[in-house]
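Report on one structure; see the data block that follows.
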Amino acid sequence: MEQADVIVVGAGLAGLSCGFELSSRGRQVLLLEAGPVVGGRTSSWDEDGMRVESGLHRVLGFYEAFPDLLRRAGIDVNQIVYWEDEVEIRLPDGRGNGVFGAAPLFRPFETLGGALGNFELLSLLDRFTLAGFLTAGLLEYLTNPAALDRVNVRDKARAYGVTENAIHNVLIPLTSGLYFLPPERYSAYAFFGTLGPYLPRIYTLRVGAFLGGMTDVMAAPVAAAIVRNGGRVRTRARVTRLLTEGGRVTGVEVSGERIAADHVVLAASIAPAQQLIRQALGDHPWFQPMLRLPTMPAVTIQMELDRPSMPIDRTTFGPGTVLASFAEQSRTTFRQCPGRLSVILTPPEPFLGMDPAQILEITCRDAERLGVHVRDRVTRYRVIKLPADFYSLSPGNDGLRPQQATPVEGLTLAGDYTRQQYLATMEGAVVSGRLAARAVEEARRRPLYGNSGQWPFTGAQQA
Ligand SMILES: Cc1cc2nc3c(=O)[nH]c(=O)nc-3n(C[C@H](O)[C@H](O)[C@H](O)COP(=O)(O)OP(=O)(O)OC[C@H]3O[C@@H](n4cnc5c(N)ncnc54)[C@H](O)[C@@H]3O)c2cc1C
């Protein structure tokens with residue numbers, strides 16, 4: 001039977017982060033990924049001859065763990081990210097638009113100007129009510145987060161007297177753009193949680209697009225760093241079962257092949273993680289909240305065009321349309337294309353059952369309402385559906401998220417759905433991987449793992 005010190009199941013950012021931490025400390029890591037490429041929700045691949053990604057991603061300047069992982073794996077974030085540093089909100093049917101600078105340090109005048117200008121979108125009264133809502137919400141995020149997770153963004157905004165105009169022109173773009181949900185389905189905790197943890201370093205905000213497919217520029221190089229550290233990475237290796245013995249996890253099964261390990265880190269996305277746990281440890285009381293954690297989908301459409309759809313590559317929000325967020329990418333992520341438009345759709349559920357041609361038609365219709373005319377210029381397109389990869393950011397779910405360390409010997413969890421304060425983001429996934437590595441380290445210090453209890457450190461870095 002093949003053997004490893006630690007098996008990491010899933011090579012998304014959480015699994016890569018955990019695998020990197022453990023392999024840096026001299027552990028024999030085996031990373032098993034079900035898909036054909038590494039990266040999970042931050043992957044890019046060839047879909048029937050067209051280069052696609054799991055969906056439009058933005059790197060935020062106040063992330064810390066994410067760029068730190070890349071740096072230690074030998075990747076310079078500034079080489080793989082183009083800092084766009086602004087976002088646009090477009091209202092449909094010519095009702096207005098606004099550009100907001102999003103880089104207080106790097107574009108101070110545009111950032112200030114965006115906040116004070118844009119009167120087409122926001123009146124003085126709108127701003128005044130929004131300011132009160134944001135201040136009160138952030139205070140509640142810091143003092144009573146559990147209560148905040150019981151209400152949705154729309155109800156919370158109404159309770160603070162936010163005008164309908166501000167809800168439509170700012171809160172809908174933010175909730176739909178960030179997690180594809182309308183404000184009435186979006187937890188107020190999750191809303192303020194996209195800013196709250198970064199408050200001490202809010203001035204470092206920037207918004208960046210990847211310069212290339214995410215597997216190519218980020219995930220594969222991190223996997224290569226794990227291999228340099230002595231680890232092994234296998235793709236097309238779907239774990240079908242956790243092996244248990246006497247209440248302890250002892251390894252995994254991959255297509256009938258059994259692989260033994262001292263420790264298994266389950267870093268699969270939420271739905272497959274729930275399935276593997278249900279099968280092996282479904283009766284264990286500790287896992288019951290996690291097994292009840294609802295999931296939510298994401299659907300994107302990616303189009304190649306005969307020329308760019310917009311003059312600038314930047315994140316744009318389209319409130320009141322199915323285009324939650326979208327961007328031209330032919331000068332940034334997909335420079336090989338004359339034009340390329342990537343769109344995240346909202347709400348995602350109705351699109352899960354639709355065929356791609358229908359999705360293209362609906363997207364082109366709404367894009368036109370936003371002044372983006374692509375209907376006759378699409379040379380090819382692909383629809384990417386992720387039916388259950390996210391934990392649901394609706395109210396009442398945050399308390400169901402599990403810690404990384406579990407009470408079952410030999411088993412640790414990682415993934416953006418596990419408990420860490422950065423929600424379902426690249427930063428959150430990397431932090432969860434670090435916390436999982438730390439939990440493995442602590443478990444190995446316990447006497448069960450041998451007489452010395454020593455962790456074989458080979459590097460100085462701490463998770
Ligand atoms: C459309 C979209 C847009 C996004 N935009 C942003 C953004 O702008 N900024 C940001 O910070 N974040 C963004 N995110 C969120 C971010 O991508 C995720 O939070 C993060 O990548 C999650 O990483 P993870 O490792 O926890 O999970 P995943 O990336 O889902 O990784 C889990 C891995 O486990 C594998 N797996 C599953 N089952 C098995 C099995 N049985 N055996 C082996 N392997 C298995 C999967 O194939 C996958 O590779 C976006 C996500 C999407 C989908």
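Each ligand, and each atom within it, is numbered from 1 in the order the structure gives. The chain is numbered in sequence order, starting from 1.
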Using atom types as modelled and distance alone, determine if a side-chain donor or acceptor of [X] lies under 3.5 Å from a backbone N or O of [Y].
X      : Y      : result
Thr295 : Ala388 : no
Asp68  : Glu64  : no
Asn97  : Ile89  : no
Arg206 : Leu105 : no
Glu84  : Ala209 : no
Gln274 : Met290 : yes
Arg25  : Glu21  : yes

Closest approach of any protein heavy atom to [atom], naming residue and atom:
atom                    : answer
atom 36 (N) of ligand 1 : Ala268 CB, 4.0 Å
atom 18 (C) of ligand 1 : Asp416 OD2, 3.5 Å
atom 15 (C) of ligand 1 : Ala424 O, 3.6 Å
atom 35 (C) of ligand 1 : Glu33 OE1, 3.4 Å
atom 27 (O) of ligand 1 : Arg41 NH2, 3.0 Å
atom 44 (N) of ligand 1 : Ala34 N, 3.1 Å

Report, in ascending order of atom number, the atoms of ligand 1 lying under 4.0 Å from any heavy atom of [X].
X      : value
Thr42  : 17 (O), 21 (O)
Gly415 : 26 (O)
Ser269 : 30 (O), 32 (C), 34 (O)
Gly55  : 1 (C)
Leu386 : 53 (C)
Gly12  : 25 (O), 29 (O), 31 (O), 33 (C), 49 (O)
Gly10  : 33 (C), 34 (O), 35 (C), 44 (N)
Leu56  : 3 (C), 4 (C), 5 (N)

Could you say whether the N/O atoms of [X] and ligand 1 ever approach to under 3.5 Å?
X      : answer
Ala429 : no
Ala14  : yes
Thr300 : no
Val239 : yes
Met426 : yes
Ser54  : no

Q) For Thr300 and Gln302, does a side-chain donor sit closer than 3.5 Å to a side-chain acceptor? A) yes
Any ion pair linking [Y] and [X] (charged N to carboxylate O, less than 4.0 Å)?
X      : Y      : answer
Arg248 : Glu409 : no
Arg71  : Asp76  : no
Arg340 : Glu328 : no
Arg380 : Asp48  : no
Arg377 : Glu304 : no

Sub-4.0 Å heavy-atom contact, [X] with ligand 1:
X      : value
Ser43  : no
Phe66  : no
Ala267 : yes
Tyr63  : yes

Can you tell me which portion of [X] lies within the under-4.0 Å heavy-atom range of ligand 1? Options are side chain, backbone, both, or neither.
X      : result
Phe390 : side chain
Val59  : neither
Ala414 : neither

(Q) If you take the nearest heavy atom of each of Glu53, Arg58, His57, which one is closest to atom 9 (N) of ligand 1? (A) Arg58
Q.
With side chain to side chain contact (heavy atoms under 4.5 Å, CB included) as the criterion, how do Leu305 and Tyr381 come out once you've worked through the C-alpha distance, each side chain's angles and the decisive distance to 0.1 Å?
A. CA-CA 9 Å; Leu305 311 166; Tyr381 67 97; over 6 Å; no
Q | Within-4.5 Å side-chain heavy-atom neighbours: Leu60 and Phe66 | A | no
Q: Name the orientation class of the two ring planes belonging to Phe62 and Tyr198 (parallel below 30°, tilted from 30 to 60°, perpendicular beyond 60°).
A: parallel
